> 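Have a look at this one before I ask anything.
Because the structure is a prediction, the values reported are computed rather than measured. Computation of the quantities below employed the complete heavy-atom set of this structure, encompassing side-chain atoms and omitting hydrogens, waters and symmetry-equivalent molecules. Nothing fancy with the numbering, it's 1 onward along the sequence.
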Amino acid sequence: SGVQPFVSSSFLFAHDGALDRFDEVFRRPLAERLSDVGFAAAVGGTPSELLFATWLDALGESTGADAMAGALEAMVQTVTEIAMKANASAAFGVVVTDGHSLLTLRTATQGPPPPLYTIVAEDDAVVPTTGRVVASEPLFPGAWSALDPNSLVIFTVTDEAQLTEPAAMRS
């Protein structure tokens, strides 16, 4: 639909950030690297859609949190290579989920990455108490924590529907 979050199968993907001089530097190189499946996922060709399609291609048929994390790292590597050749910047505040794991990525090729915050919902919050919220800014009162810059964090759900602490963190 061209509107975030982007959806494919059980995956939801949202990106906050920018690709500097997108039309000049990134649009064509990213689109040319896409498979037919990835190209079809980039409905409108916006920066976020092309990142989503690049991530889907890197993910392939793999599943699970580690595969999703590896695909995020591959997506960043692809964009970083393009950015470095043109001395352009790229910033990523990405949240992706498959319904079992929630991954956050905060990084940038130059300067600070977009902010991401997280909170485990409290009894009086507007979301279920078993929920974890990730947002670009605090949405309601509570003990929000900023996710570290240049990090990839994996949150997982246990069978009891209680969210665990980060299962993995990569910087």
Side-chain angles (χ1 to χ4, degrees), residues 1-19 22-23 26-80 82 90-108 113-121 125-140 147 151-159 161-164 166-170:
S1 68
V3 178
Q4 295 192 57
F6 303 113
V7 178
S8 178
S9 182
S10 64
F11 301 108
L12 295 175
F13 179 102
H15 167 252
D16 180 27
L19 301 180
F22 172 70
D23 288 330
F26 293 99
R27 182 187 299 272
R28 177 172 234 142
L30 285 175
E32 287 175 348
R33 294 175 187 217
L34 294 176
S35 69
D36 290 342
V37 171
F39 189 78
V43 176
T46 66
S48 296
E49 287 174 290
L50 284 173
L51 290 176
F52 173 57
T54 301
W55 177 79
L56 281 176
D57 275 354
L59 184 65
E61 297 297 318
S62 301
T63 59
D66 287 340
M68 293 165 51
L72 282 172
E73 291 170 340
M75 176 196 75
V76 168
Q77 182 62 36
T78 297
V79 173
T80 298
I82 296 167
F92 308 90
V94 176
V95 179
V96 64
T97 184
D98 63 359
H100 301 285
S101 299
L102 180 95
L103 285 73
T104 64
L105 170 71
R106 251 193 101 203
T107 195
L116 283 175
Y117 296 88
T118 187
I119 189 171
V120 175
V126 295
V127 296
T129 57
T130 58
R132 172 161 310 262
V133 178
V134 174
S136 59
E137 61 186 59
L139 300 171
F140 49 83
L147 294 169
S151 67
L152 191 160
V153 181
I154 301 171
F155 300 99
T156 58
V157 178
T158 64
D159 290 336
Q162 297 297 314
L163 288 166
T164 63
M169 184 171 209
R170 301 174 186 174

> Any heavy-atom pair between the side chains of Phe155 and Thr104 that's under 4.5 Å?
yes
> Under a 4.5 Å cut-off applied to non-hydrogen side-chain atoms, are His100 and Thr156 in contact?
no
> Could you walk me through whether Asp98 and Thr63 pass the side-chain contact (heavy atoms from CB on, under 4.5 Å) check?
CA-CA 9 Å; Asp98 63 359; Thr63 59; 6.0 Å; no
> Hey, does the side chain of Asp16 reach the backbone of Gly93 with a donor-acceptor pair shorter than 3.5 angstrom?
no
> Between Gln77 and Glu73 (side chain of the first, backbone of the second, donor and acceptor by atom type, cut-off under 3.5 Å), is there such a pair?
no
> For Leu103 versus Ala69, what's the shortest heavy-atom pair and its separation?
CD2-N, 3.4 Å
> If I compare all heavy atoms of Leu34 with all of Thr54, which pair ends up nearest, and what's the gap?
CD2-N, 3.7 Å
> Other residues, nucleotides and ligands only: do more than 12 of their heavy atoms fall within 6.0 Å of CG on Asp36?
no
> Using 0.5 Å steps for rounding, measure from the CG atom of Asp57 to the CZ atom of Phe52.
10.5 Å
> Do side-chain atoms of His15 reach the backbone of Ala91 as a donor and acceptor pair under 3.5 angstrom?
yes
> Should Leu19 and Leu30 be marked as a side-chain contact (heavy atoms from CB on, under 4.5 Å) after you check the CA-CA gap, both sets of side-chain angles, and the distance that decides it?
CA-CA 11 Å; Leu19 301 180; Leu30 285 175; 4.1 Å; yes
> So which pairs with a foot in residues 26-47 pass ring pair (Phe, Tyr, Trp, His ring centres under 6.0 Å), sequence neighbours left out?
none
> Could you pull out the closest heavy-atom pair between Thr97 and Gly99, with the gap in Å?
OG1-N, 3.0 Å
> Using 0.5 Å steps for rounding, measure from the CZ atom of Arg28 to the CG atom of Asp23.
12.0 Å
> Kindly compute the distance separating CG (Leu50) from OG1 (Thr78), expressed to the nearest 0.5 Å.
12.0 Å
> How many angstroms lie between atom CG of Leu147 and atom CZ of Arg106, to the nearest 0.5 angstrom?
7.0 Å
> Identify the two heavy atoms, one from Ala41 and one from Ala53, that lie closest to each other, and give their separation to 0.1 Å.
CB-CB, 4.4 Å
> Going from CZ on Phe92 to CG on Leu51, what distance comes out if it is rounded to the nearest 0.5 angstrom?
6.0 Å
> Tell me, do Leu56 and Val37 make a side-chain contact under 4.5 Å, heavy atoms counted?
no
> Does a donor on one side chain sit under 3.5 Å from an acceptor on the other, for Arg132 and Thr118?
yes
> With heavy-atom distances below 4.5 Å as the criterion, would you say the side chains of Met75 and Val96 are in contact?
no
> Looking only at heavy atoms, what is the nearest atom pair of Phe13 and Ser48, with distance?
CE2-O, 4.0 Å
> In terms of ring plane angle, is the pair Phe11 and Trp55 parallel, tilted or perpendicular, where the classes change at 30° and 60°?
perpendicular
> If you round to the nearest 0.5 Å, how far is CZ of Phe22 from OG1 of Thr46?
6.5 Å
